[in-house]
Amino acid sequence: MLREQLAMAIDSLRANTFRSLLTMLGIIIGTGTLVAVLSLGNAVQGQVFEQFIDLGTRRIAVTAGDPSARGARDVPGYGLLSLDDAAVVRDLVERRPDLFRTTTVEVIVPLDIRAGGVGLRDSVVGTGPEYARIQSIRVAHGRFLTSSDETRRAPVAVLGGLIARDLYGADPAAQAAALGTTVQINGQAVEVVGILRAAGGPFSADRRVLVPVSTLRLRLNSELDVPGRGLRVNSILVGLVSEQLTDDAAAQIRTALRAVRGVPPEAIDDFEMSLPTEALGVLRGINGAITGFVALVAGISLLVGGIGIMNIMLVAVTERTREIGVRKALGATDRDILGQFVLEATAVSLIGGAIGVSGAIGLVLLVGTLSGIAAPIAWGAVIIALVFAAFVGIGFGSYPARRAALLLPVEALRYE
Amino acid sequence: MRDIEAPVVRLQHVGKVFDANGQAFQALDEVSFDIARGEMVAIMGPSGSGKSTLMNIIGLLDVPTSGSYLLDGEDVSELDRTRQAQVRNARIGFVFQNFNLLPRMTALANVALPLVYGRVSAREREERARAALAAVGLDTKAASLPNQLSGGQKQRVAIARALVTEPSLLLADEPTGALDTRTGSEILELFRRLNEDRGVTLVVITHDAEVGRQMDRVIGLRDGRLVPQILETYYGVVAGARVAA
């Protein structure tokens, strides 16, 4: 019986293909949104978390204080970080190997980069050899910066993966061949000694050119000093032994920096520290909020879809009153008719769900291919979406189906 | 259950009262008659005589308010809706004035539909539906949709559909009403042949005197009551043309 009823349902959907599709629209949008957003959300979240775990969870970044913050003091150069501050942190790191692994700075300057007729303007970052370890950077070709580069003020550069791609193309052999050649940074010739593996994501060094701090300061750009305190740095990165020690490590850095910067006891910090735990918490929170919002949108969509189905089924019952009468005269029981219409509503809903889910899967695969981010399909969401679609069909199809089932055969047959 | 010895239909003191805007309306009053197996009977009467109500009761589409209805000797006057549907499916074949074929189904699928509700297997359905179509001379039209068939052919498909469950009773409501005279008499001819060859019991509801004349017997109805000699009295024709011919 179920097979016959299913055949009848499919047949009646095909008789009104366009109407059926319109009816399905809410379900298509609802299920599609659910699967697409949860899949992409997972992928982005995975990507971001991976980055954090890769480079962030065992690291504290000290950055400049905000002069417009409440309680900021009105002194020249307020909040700026310099190499002097970095030196104090380095002393601390060396004194406390139980807390800290290593430290380095980032001096970020956007500069013109040219090679072989290609010109870019990207961040040139003065940093040290420790940067590779703190940021979990992997070298694809050549080598990373060394301490000897720093002391010699060597005119050398390590290129981020995307910079190398833009300058030399995506071919690894062409990139390897670029080692030993020169790029012009701010008009100065600098030798390419290394190319990094592209890591992807917003926190990677993919779009950076890394050079020794001394080189950046003396050869490429010399107007970066904080008055009386040495070279200005954008951030001081500190690698930790373990993320469990974050709070202790942060307190130590804070005390040392406040002392060297002469911050009065009552004043707020004139620098900022980003701790991995905070960032992870914020990310989780954002992700939870997005997921909740998506669930809400998808839920509303499915509800609207369900009402659409109920509406069209009520129309169908009226249109087919006579047919129902004939079927009953031929021996269909109330349950047969009920089953037929519930099944039809469920078929509409499930087919809509299948279309929505397929579309979402296609979209996720497309986005994954285009962006290069591995976006696994959230199969859990697929199942939830289809189960919901089925329930919506059964739920909203029941009332019209009951109306059909309870029609009196005598009256249904008389219906014109 | 199905008593072959008993009359196919036995109505005893059947009454039907409708509630029309708070006023009771007596559609049928003390109607009693038998229809024997293999009989061809017309139920005749003018509009409002109660013949549609009578047909609905005989067809188990409605239940009497009073009296009893025995189908094949079994009292069916107080069945619940599900049992009613099952009895309709197994024992009554309906033929309607407007054919009432389902438009998106082929002739064969239309004929097989009652067997679907009778929970007959797909294979047996197809066999029996083909046999029923052959019995009405339409075996070549199995794959046609209703709108590809003429009025007469549609009514033949409908008759095949009514016969396919081998019911005790074929109940036809103005079966020639939507057909021209010639096609109409072909349908009547088909009924007669089915009656003679297969012993099909036929009840025709009609107000066409010519149809009435060709039946074995006419049950006359007026204002919800049986009237004798209705053909002679109200239609001015002599009954029993079939017997005479």
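Because the structure is predicted, anything quoted here is derived from the model rather than measured.
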- Message: For residues 287-315 of chain A, which residue pairs pass the salt bridge (charged side-chain N to carboxylate O under 4.0 Å, His left out) check, not counting sequence neighbours?
- Response: none

- With a 4.5 Å heavy-atom cut-off, do R322(A) and L102(B) have their side chains touching? no

- Task: Check whether more than 12 heavy atoms from other residues, nucleotides or ligands sit under 6.0 Å from atom OH of Y69(B), and answer yes or no.
- Result: yes

- So, E4(A) and R125(B), do they make that salt bridge, N to O below 4.0 Å? yes

- Considering all heavy atoms, the nearest A85(B)-A332(A) contact: CB-O, 3.6 Å

- Item | Under 4.5 Å from any heavy atom of chain B - which part of Q340(A) | side chain

- Task: Inspect the surroundings of CD in Q148(B) and state if more than 12 heavy atoms from other residues, nucleotides or ligands are less than 6.0 Å away.
- Result: yes

- Query: So, N100(B) side chain and V326(A) main chain: donor-acceptor pair closer than 3.5 Å or not?
  - Reply: no

- Query: Do you know which of G331(A), G325(A), P409(A) has the most heavy-atom pairs under 4.5 Å to chain B?
  - Reply: G331(A)

- Drop me the distance from F94(B)'s CZ to K328(A)'s NZ, to the nearest 0.5 angstrom. 13.0 Å

- Message: Return the OG1 to CG distance between T165(B) and L330(A), rounded to the nearest 0.5 Å.
- Response: 9.0 Å

- Task: Inspect the surroundings of CZ in R402(A) and state if more than 12 heavy atoms from other residues, nucleotides or ligands are less than 6.0 Å away.
- Result: no

- Output the distance between atom OG1 (T333(A)) and atom CD (Q86(B)), rounded to the nearest 0.5 Å. 7.0 Å

- Query: With respect to chain A, which residue among R161(B), M105(B), R81(B) yields the maximal number of heavy-atom pairs within a distance under 4.5 Å?
  - Reply: R81(B)

- Query: Is it the backbone or the side chain of A412(A) that comes under 4.5 Å from a heavy atom of chain B, or both, or neither?
  - Reply: neither

- Item | Close side-chain approach of R335(A) and T82(B), heavy atoms under 4.5 Å | no

- Message: Taking side-chain contact (heavy atoms from CB on, under 4.5 Å) as the criterion, tell me which of N56(B), L61(B), N98(B) meets it with L413(A).
- Response: L61(B)

- Query: When only heavy atoms count and the cut-off is under 4.5 Å, which of residues 9-20 of chain A reach chain B?
  - Reply: D11(A), S12(A), A15(A)

- Task: Supply the atom-to-atom distance D334(A) CG to Q84(B) CD, rounded to the nearest 0.5 angstrom.
- Result: 9.5 Å

